[in-house]
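One structure is given here, and the rest of the page talks about it.
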Amino acid sequence: MTSVSSMVDPVIFKTTLNSLWTKASAKSITITVPRTRLETKVFELDHRVTSVFPESGLLIFIGFVLGGIVWGANNVQTFTLTPTVFFFYLLPQIILDTGYFMPNKLFFSNLGAILIYAVIGTCWNAAAVGISMWGCYLGGAMGDLNIGLLQFLLYGSLLSAVDPVAVIAVFEEVHVNEVLFILVFGESLLNDGVTVVLYNVCDAFVSLGAANIDAVQIIRGIISFFVVAFGGALVGVVFAILLSLLTRYTKNIQIIEAGFIFVLGYLSYLTAEMLSLSAILSITFCGVCCQKYINANMDERSVITVRYVMKVFANGSETMIFVFLGITAIDKAIWVWNTGFILLTIFFILVYRVMGVFFLTWILNKYRLVPISLIDQVVMSYGGLRGAVAYGLAVMLNEKKIPEKNLMISTTLIVIYFTVILQGITMKPLVQWLKVKRAEHSDLKLVEKVNNRAFEHLLCAVEDICGQIGDNWWTRGWNRFEEKYISWLLMKPKSRKTRDYLFGIFHKLNLEDAMNYVSEGERRGSLAFLRGNDDAQVDFKKKFGKDIEDVMPDIMVDTEHVPMSSILQDTIPSVSLDLHEQDSQGKMEGDAHNLLQQHLYRSRKQHHHKYSRSNFSINQNEDEVQEIFQRTMRSRLESFKSAKMGVAPGKIITKHPQKERQQKMANGNPTNRSKSHPYGDEDFEFSVSEGDSASGGEGATAGGYSFRLPPYTVGAGIENPAFMPEMDTPHPMRPPPWRSEPEMDVTVAPSQRAQRRLPWTPSQIHRLVPLRVSTRSEDSFVMADVLSPEEEPKDPPPGQDGSRM
Amino acid sequence: MGSRASSLLREEDIEEIKKETGFSHSQITRLYSRFHSLDKGENGALSREDFQRIPELAINPLGDRIINAFFPEGEDQVNFRGFMRTLAHFRPVEDNEKNKDPDAGEPLNSRSNKLLFAFRLYDLDRDDKISRDELLQVLRMMVGVNISDEQLGSIADRTIQEADTNGDMCISFSEFIKVLEKVDVEQKMSIRFLH
């Protein structure tokens with residue numbers, strides 16, 4: 001790619017640009033683009049078409065049509081996909097998009113595998129294809145050509161690159177699991193470094209001529225690989241740092257914050273290009289490294305803007321690339337048809353890809369924690385699609401040195417069509433066939449389905465307990481380093497604090513700290529955090545709403561940076577089983593099956609990759625995750641509470657002592673508040689094992705009886721502007737202390753919130769604290785003990801569902 | 001994986017665990033360092049809070065039940081032996097093992113022991129039957145909030161119906177085994193990444 005600038009000398013540069021932009025562009029491009037978008041729209045609407053035929057293939061056909069029109073009008077192909085346009089105007093935004101949305105954790109944990117595929121695999125492809133083609137040429141399979149070994153190697157190297165654009169486009173339909181996706185995709189991004197170097201090295205060799213190559217040159221070639229690759233990555237990282245620093249200080253110019261990403265991203269691309277380094281790697285790493293800090297620093301609206309604009313650019317470029325690929329085919333000037341050449345190329349590409357993938361995977365599986373399965377390998381080898389990058393490189397060939405340039409261009413085009421269209425179409429059926437072959441796919445009975453899902457959850461949990469990849473000294477060390485130094489440098493202090501706070505909240509939400517926090521809220525007298533007596537509802541949003549409301553949306557939107565959703569990494573390689581289920585959903589009968597299908601929580605294995613180009617929506621998985629999380633926390637708090645109060649499941653208290661207590665409490669309320677706090681505070685060094693049976697009696701968890709508060713009466717009670725009745729769901733709960741069973745008089749006007757749910761009262765807190773606090777006289781201490789054995793269970797407490805076993 | 005951690009585990013312990021559970025030496029040391037990193041209180045035993053600190057478990061619908069499965073009846077702490085014993089259920093079944101020692105008793109990771117483990121997850125009161133209520137509880141944990149109780153109840157009823165052969169409206173362990181005979185339990189309940 002470095003040869004772009006050197007190959008195209010100023011005059012030609014200008015003329016091509018002119019011809020592109022003045023003659024043709026005014027009319028054609030402006031017509032082309034909208035029409036293409038329109039046609040894409042039409043095809044997108046018909047999802048059935050796109051589920052069979054990959055969108056990229058359709059775009060190529062549109063390109064054919066358009067090319068035909070232009071050809072018919074002008075008798076010469078007035079505009080083609082020139083390397084300049086491709087490499088400078090169409091490709092960067094696609095790569096920036098992929099870098100920015102790259103799942104970092106997944107990427108870096110699989111980096112070793114990706115590098116091996118990218119480097120070794122690509123070199124192998126290039127060498128093998130080149131040499132075998134040369135061998136066949138010598139054998140006479142291609143007729144008479146003016147070509148030599150070096151040129152074949154050059155040809156092999158330009159065809160070796162797996163293309164990221166094509167890969168995304170096709171994999172989108174196939175729904176492969178995340179690991180597989182990241183392997184193929186990461187490989188396609190990183191092999192640019194290799195391809196560029198190979199291309200340049202071979203190009204240099206061709207220029208030198210075969211006689212002048214010696215060991216020195218070869219070594220130089222190898223060294224240049226490292227320089228180009230690492231240099232490119234370094235440039236990207238430098239720009240990422242610049243970008244993050246920039247966004248740290250853009251608080252007052254939030255309107256244009258979003259623009260910086262694009263400008264600096266593109267700048268990194270150009271800089272690397274200027275330094276003859278790998279520009280694709282540069283912009284990839286820029287996107288990869290900066291995402292976290294940008295998302296933390298920028299205003300939420302800017303973040304959203306950046307996402308959408310990036311998607312727009314990337315989609316647009318991709319569309320145009322494929323259309324151009326179609327258009328450029330309709331050009332008599334470039335076509336040279338050589339059957340042997342073409343067929344052999346396709347054959348060798350396929351074969352060597354398969355061989356390379358299987359061999360490398362075999363080696364990798366010896367070292368990987370989670371091996372790559374056979375199906376994944378098949379998909380990976382079949383998914384080695386070539387695309388526009390190969391074409392761009394082919395067009396950049398110097399025809400003086402490579403007389404068969406046109407042959408190579410036409411063959412490249414055919415290879416691209418073959419891989420994109422044919423392999424794209426057959427990918428999904430192939431996967432289905434493989435999956436179906438492996439799984440005995442009869443209609444599962446309900447009980448089997450439920451159990452399957454339960455097993456999956458079980459397995460995921462056990463694997464998490466065992467601790468998978470990433471739980472070693474290196475990652476922990478890096479995380480620490482990153483938190484201390486890098487985040488300090490690159491993130492806004494405010495964001496750092498909230499992030500830490502969030503992380504802290506999350507991690508500390510084991511039971512002891514949750515109780516601490518509850519007492520804290522109680523002490524401040526804030527009714528913002530209320531607790532039903534059956535359900536300890538830890539409502540994060542309400543409690544933290546004010547503090548972190550600008551970050552809260554990020555939790556939903558930004559899936560990478562909150563631990564909850566960073567958990568959604570799928571490290572179990574398997575092509576998604578849902579492929580079958582999705583398709584057969586229409587055929588499934590029976591309400592129960594359907595219901596279950598829709599509503600069973602998905603296990604980690606089944607969370608699809610969210611990096612599709614066209615479906616850019618907030619992942620619905622997050623709702624599931626939220627639900628499960630809240631439920632788990634609720635039940636944990638519940639079981640903790642029952643541990644404290646020593647109520648074994650199934651044990652409840654009679655009405656009688658409760659009523660008694662209530663009346664006493666109603667009187668004792670005001671004084672209690674001051675008294676119990678000193679106790680309440682110091683008491684939270686208890687450990688779980690303490691305090692079971694003795695305080696059991698007092699610990700009337702709610703169980704008693706279910707009591708429905710009268711429905712919320714609007715306007716009753718003190719107006720609480722912060723209270724939104726629709727948001728709270730009323731729970732069956734104990735009667736409020738100011739009310740006793742027989743007399744339902746409203747002597748106390750409860751606040752709006754309290755009408756829904758009981759506020760924390762200190763008298764309740766004393767029950768959580770074992771033994772030491774008594775709101776009555778010391779005698780009650782004794783009374784407590786006396787009371788406890790008498791208490792009989794009446795009916796099972798709701799909400800205590802086996803969370804305490 | 002500091003050396004400090006593994007030095008706390010003695011060789012004879014490793015040997016015993018190896019015999020009991022079938023894990024290899026390296027697997028045991030690796031799991032020990034994991035045990036050690038989970039054990040924040042450094043007292044050689046894990047409590048429920050230590051497990052609950054694993055964030056992934058908080059978003060696993062069956063997370064808490066699985067945690068409880070580690071703790072023997074009524075206890076609140078689990079030591080390394082107990083930890084390994086529970087994990088042994090999930091060891092992959094190797095083919096060459098089947099013929100090793102016929103009279104050593106069934107290994108912990110045999111198919112029926114795996115199924116027993118899963119069965120115990122459902123069957124809380126240990127009466128060797130999964131009643132409708134127990135099934136309902138598990139189902140409720142595994143589905144979203146959009147299914148109403150009646151719908152869930154009917155799903156539970158159908159599920160029991162499919163499995164129940166003797167008509168007692170409960171699933172016994174043998175019925176459980178029978179209904180899952182087509183399922184590849186060995187694969188579905190085996191951790192894959194221990195070398």
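Residue numbers start from 1 in every chain, and the chains themselves are labelled A, B, ... in the order their sequence lines are given, proteins ahead of strands.
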*Under a 4.5 Å cut-off applied to non-hydrogen side-chain atoms, are A/His457 and B/Ile66 in contact?*
no

*How about B/Glu175 and B/Glu162: do any of their side-chain heavy atoms sit closer than 4.5 Å?*
no

Below 4.0 angstrom, N of the basic side chain to O of the carboxylate: do [X] and [Y] qualify?
X        : Y        : value
B/Arg53  : B/Asp50  : yes
B/Asp123 : B/Lys129 : no
B/Asp149 : B/Arg140 : yes

If we define contacts as heavy-atom pairs under 4.5 Å, which of [options] has the most with chain A?
options                              : result
B/Leu152, B/Ile171, B/Leu62          : B/Leu62
B/Pro61, B/Ala156, B/Ala163          : B/Pro61
B/Phe51, B/Phe83, B/Phe117, B/Tyr122 : B/Tyr122

*Can you check whether B/Asp13's main-chain N or O pairs, donor with acceptor, with B/Glu16's side chain at less than 3.5 Å?*
no

Would you mind checking which part of [X] comes under 4.5 Å of any heavy atom in chain A, side chain (CB onward), backbone (N, CA, C, O), both or neither?
X        : value
B/Ile67  : side chain
B/Leu87  : side chain
B/Leu115 : side chain
B/Leu135 : neither

